[in-house]
Amino acid sequence: MKPDIIIFLKRIVLFMLLFIAADQALGFLLEHIYFNQEKGQFAQTTYSVDRTHEDILVFGSSRAVRHYSPAILSKAFNMSCYNVGRDAQMIPYYTAIQDVIFNRYKPKMILLDVNSWELAPGESKYEKLSILLPYCREHPELVKYINQSSKWEKIKMLSRTYPYNSSLFILGYNYLFANRIPADDHGYAPLIGEMTDAMLEDHKRRMASGEEAKNDNSRDIDEKSLAYYEQFLAKTASSGIKTYVIISPKILNENLNYRVEKLIEIAGRFKNVKFINFSNDPRYNYRYEKFADVFHLNKQGAEEFTNDLIPLLK
Amino acid sequence: MLFNSLDFAFFFIVVTIAYFLFPHRYRWILLLGASCYFYMAFVPIYILILGFTIVIDYFAGIYIEKSEGRRRKLLLICSLVANVGVLVVFKYYNFLNESLSYIIGDFGYKNPIPYLSILLPIGLSFHTFQAMSYTIEVYRGNQKAEKHFGIYSLYVMFYPQLVAGPIERPQNILHQMHEKHEFEYARVVSGLQLMLWGFFKKLVVADRLSIYVNAVYGHPDLHNGSTVVIASLFFAIQIYCDFSGYSDIAIGCARVMGYDLMINFRRPYFSKSISEFWGRWHISLSTWFRDYLYIPLGGNRVARQRVYLNLMIVFIVSGIWHGANYTFIIWGLLHGFYSLSGMILKPYREKLVEKIKINSHILNVLNIVLTILLVTFAWIFFRAATLGDAWSLIRNLKSFGEKPFVGDGISNMAHSILAIVLLFIVEYKMEYITDKFNFFSHKLAWVRWSAVIIALFIIMLFGVFSGGQFIYFQF
């Protein structure tokens, strides 16, 4: 038995050393590819985290990325603007990004696009923060956000390869075929195309079903997200930044629900923060020609909305 | 505690090191304590249910061995009733009550029996069936009653197979719990490699495919036929990788400590018929039903019509075993129907094949494809939340050919396809090319080590690490 154990222990140590070396080498290569992306979501996030310097910043999820045109905002205010929104992310992400950006500089104006579903309970919004893993080495302040998804994230972060989990395809494609990827306009990536009447009818049917209605009217709130939202606004308010919390247009009009009331109530606690709600605006509700899908305006709708928004920001 | 969590990784390392450090006579205490801790990491209070069945079956085994005649049979029945009773209360009570409400509601009556708000204890059907196999084997005289209460408890609670099998037989595992297991290098490495393969199946394949499957099956009325076909084929692969991945981890984990658990899967999607499929899928359960239900009902040694009836009974019970829902019963019925049709049509099929003189390789491929399609169709009922959902999905099949839903971005679909391709290559090699490309057992150390390192990086880069539950835990 003893010789077997000794051989095993020796080999396991050697194996671990080899594995660590391979992990460092592969991680270094992936890091190089990741931080040298010229276009696409990774490049946009890297810019948001490391290089933003604009006067106006737009925060939010895919609805922020698709709905707010920095070119129109820049022109209206004669200030530079960048859209730091990211697809499929929610309040914890904006707060983490804000933390990193504010350590570097303070913008003059912030637009924060929010939605009631962001306050719904669920762990997935914290798991999705793993997209920030590549930045943790340079920005340790992000670690506390990433640790929300699991107590083991710190251990996993010991690996240099793990931060690129599930991103290899996009990473490789964006690196090799950068010329095929449409360039974003200061973080803004409008959607092309129009929704159809049939898509609208399908969506109406789904929204009317018990499950969706129950979700929308639920009083269950993710307290952690609410705290992050409050932290976000407290930080902008204490820095004296003009901040607008906005619910951008929706295809179906939406009654004020408990979660929206909470968003409004918290925004109301801060002096420099104004809440703007477009969710019941008849210029957009049921106007499927202005939407690309049930959640997002198309380019025409987005630019119209940005123009409609400007007078409310002045 | 899920196998696919770092909690388990630490638990496994600590328990295994302690296991080899402990003197043999105390190892059962360590393993029993570790198994209790493992089980209590889910819902602590449910250990009492396990405790209840363990005490009943332990004494039942001893008294059955000592008794003869009617008393012996009566003791067996008492033990089986206690075990099945636990299953009925915790798994089927609300389902039966709801069915009763539905039936008497048709006659204008209100069901006065209250519903129970209880969670299903994890892996209940697995450890109950394992416990039942013990008393049945003692009754049959194939197994001596275990006098050591701790060892018997360990037989039911052995943590690698406690919550999702393989459902062991006492003849295979009980004696191993008395034997001294030395640290054997080759065995430990082979166990770890099997665990690695299990993790690949679970993290890279099953949990990846589940993202698309959940999106489609979560909204059954919204998707077209092409999407339903893709999601159902994905589910067929997902459930295989989820469950066989668990079994591989369990078998590997036990092997590291010197225990041999029974094999549970043998690449079922290479089956050329439904009967072959059941010889390769969840073997520990299908042989359980064969030994303790099908054969006692008369098996094949009765009139033809009775054989058909026995077969249908086994498949319906198998469906019910999986869950308290009509979807599982339909799933079982479908498999019963497939098996019956296979038996009835066999002579005609053979004649037809002889007549058209089809190449045997092509015939094998056609049979494999047909088996996969039949099994996948039945999985629709298994995966759907309700019969209504299953019907919606089947109805939507008529729009097959329309552009399918891609899911949450092309990246996930690309990862899913890559995972399936890798799985297919490895399984094909295991099935048909057993003597070549054995990188994990290659004579050159650098080949073996490179293979393991590459496998680890594939898991790290392509795996889904959000701690997805194993599907079979709910059974």
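The sequence lines fix the lettering, A, B, ..., with proteins before strands; numbering per chain opens at 1.
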(message) Counting C-beta onward and ignoring hydrogens, is there a side-chain heavy-atom pair between B:Y185 and A:R11 closer than 4.5 Å?
(response) yes
(message) Less than 4.5 Å apart, side chain to side chain, heavy atoms only: is that true for A:F15 and B:L456?
(response) yes
Looking only at non-hydrogen atoms, find the nearest pair between [X] and [Y] and report the distance.
X	Y	value
B:G463	A:S166	O-OG, 3.7 Å
A:T161	B:M460	CB-CE, 3.8 Å
A:K156	B:L6	CG-CD1, 4.0 Å
B:L192	A:F8	CD1-CZ, 4.0 Å
A:N165	B:F462	ND2-N, 4.1 Å

(message) Heavy-atom pairs under 4.5 Å with chain B: which of A:Y173, A:Y162, A:F19 has the most?
(response) A:F19
(request) Give a yes or no on whether the ring-centroid distance for A:W152 and B:F10 is below 6.0 angstrom. (result) yes
(request) Pull out the residues in residues 21-30 of chain A that come under 4.5 Å of chain B, heavy atom to heavy atom, sorted by number. (result) A:A22, A:D23, A:L26, A:L30
Are there more than 12 heavy atoms of other residues, nucleotides or ligands under 6.0 Å from atom [atom1] of [X]?
X	atom1	answer
B:K443	NZ	no
B:Y37	OH	no
A:K39	NZ	yes

(request) Identify which of B:I453, B:L418, B:V452 forms the greatest number of heavy-atom pairs closer than 4.5 Å to chain A. (result) B:I453
When rounded to the nearest 0.5 angstrom, what is the spacing between [atom1] in [X] and [atom2] in [Y]?
X	Y	atom1	atom2	value
A:Y164	B:L461	OH	CG	11.0 Å
A:I6	B:F183	CD1	CZ	10.5 Å
A:I5	B:E182	CD1	CD	9.0 Å

(message) What part of B:I458 gets within 4.5 angstrom of chain A, counting heavy atoms only: side chain, backbone, both, or neither?
(response) neither
(request) Can you tell which part of A:L171 gets under 4.5 Å to a heavy atom of chain B, answering side chain, backbone, both or neither? (result) neither
